[in-house]
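Naming convention: chains lettered A, B, ... in sequence-line order (proteins, then strands); numbering from 1 in each chain. Computed from a predicted structure; not experimentally measured.
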Amino acid sequence: MTVDFLFDSLVSLFPSWENTDPFLVISMLIPLVATFGFITVYALVVIYAELKVSSFIQDKVGPMGQGVGLHAGKWGLLQPIADALKLLSKEDIIPSSANKLLFILAPFMIFVGAFISFIALPFNGSIIVSDLNIGIFYILGVGSLAVIALILAGWSSNNKWSLYGGMRSAAQIISYEIPAGLSLIVVIMLAGSLNMQEIIIYQQGGISNWIIFDNPFMPIAFVVYFISALAETNRTPFDLPESESELVAGFVTEYSGMRYAFFFLSEYANMFVVSVVAVTGFLGGWQSPFSGSLDSPLMGVFWMLSKTAFLIFIMIWIRWTVPRLRVDQLMHLCWKVFLPIGLFNIFAVAIWTVLFG
Amino acid sequence: MIKYFTDIWTSITTILGGMGITFIHLIRARQDNVTLQYPEERWPRPERNIGFDHDNYNVIRTRLHVDMDDCIGCLKCERACPVDCIKIVTEKAPERGSDIKEIKHVGVTTNGTRKAMVVTRFDIDMSECCYCNLCTYPCPEECIFMTGGPNSSRHPLDYEFSEPDRDNLIYKFAKSGTKEGLDKYIGEKSAES
């Protein structure tokens, strides 16, 4: 939608140009650069939030300082920038026995997997890079690209810890996609569409029309989706692939500098993607919680980002509260708890919709 | 089957309970925080009670301090120093025992000694000092001393004397501009006469 809009406005701005191919390239590059800039800025903010929230939960003060220089700025506000500069300026080490091609390829692949999900994320009624008619299905699909990259990273490092991490992440992500998908199927059943914008428009009219309050089974579906999403983003309590107390750093053990930064960035980008999907599917997307007020296009962006930020805060909160699961507990939770609940939800919501819908 | 559901219920309630505790810590972060941001904040110094009178406590070797108004420039401490970390340069005073206001020179010490010398340089390199305390014994005016202990009434005890720059560890006790001021003063005197 944004690409078409930019292309049309460029063509109307310069009607004398015969050849419109450069316009197409430019109108594709602008959303690309904007999305990349958004991910970078958002990652800096969330890294700072994570440092501060974790410190406050542990009764510490987090990064603090009085000014630029030896300290990290007022309240440590420059800490994420200092971290980014440190990562950029670090030595890039490739182990001598690593498979060099795959080792170099893996961080880019994982970032691509996180990055291309962004083109289907709606920020308000018109700001969406591409309004795919299978938006939610597309996001679930490209989310699985991370598995290949994680296995590549684990395998090519030629390191026991990395290999264990890659294998664990493959098992974990493939397993948890099933309950996440089952929870979203319930949403799709209610909204009757795979298009992100149509799912949001279905929830029009205030907080009571949000899908999470549609019927008594939806909060369960939301919790199942949210926990599965946590597992898919490899965050604590599901950080088995990079569990630092057992596997040093899992699949990122051998990575340093810029390549490590890509893994880091894609983890935070994935957090954003799953939060936006949860907000779209259950919490009304860019709709205002108050029916008929505060729903201008700009407020739409505000509602979308604030709901997403709330979910990301809950993710950080959970990370610093709950200890890591064991591998067998992880599989037990997925296959023996979430899968039956997800299947039960589908039947229950179908019957509910037929009886009361 | 019942155990399956009670297990789910137990895990939900315990996780929510834990998250409640962490949230209370999150919002009470300002009151509960245990971090002391050292250079900006310091713990209050505790009441010092070492079990006996400070005067009986021989000496606390913290760092050297010189009372420049009492120094007569006899160079005894410089000679006593086993590591040669004290550097003193003296000039002959124009009039023995008289004040020179231009360079804040005090003519008579607290012991009543009339000074014959003006100390233009008195540097102690504290990074070289071996804390042997040998310089304080020969001093006839008792103007060089280790701070703290029995001397705590003469100079506040300061235990934080780390410096980011090594040059700052050279303590310059002579008043700045003493040499130039003295030369100028003598020049003016000779011009008058």
* Around A/Tyr164, counting heavy atoms of other residues, nucleotides and ligands shown, do more than 12 lie under 6.0 Å from its OH? -> no
* Please state whether the side chain, the backbone, both or neither of A/Val322 comes within less than 4.5 Å of a heavy atom of chain B. => side chain
* Counting only heavy atoms not in A/Phe344, do more than 12 sit closer than 6.0 Å to its CZ atom? -> no
* Anything in residues 7-24 of chain B with a heavy-atom distance to chain A below 4.5 Å? Please list those residues in order. => B/Ile8, B/Ile15, B/Gly18, B/Met19, B/Thr22, B/Phe23
* Value rounded to 0.5 Å, distance of CG in A/Asp59 from NE2 in B/His25 -> 5.5 Å
* Would one find more than 12 heavy atoms of other residues, nucleotides or ligands at under 6.0 Å from atom OH of B/Tyr4? -> yes
* For A/Pro323, is it the side chain, the backbone, both or neither that has a heavy atom under 4.5 Å from a heavy atom of chain B? -> neither
* Asked: Is the number of heavy atoms from other residues, nucleotides or ligands within 6.0 Å of CD (B/Glu91) greater than 12?
  -> yes
* Asked: So with a 6.0 Å cut-off around NZ of A/Lys90, is the heavy-atom count from everything else above 12?
  -> no
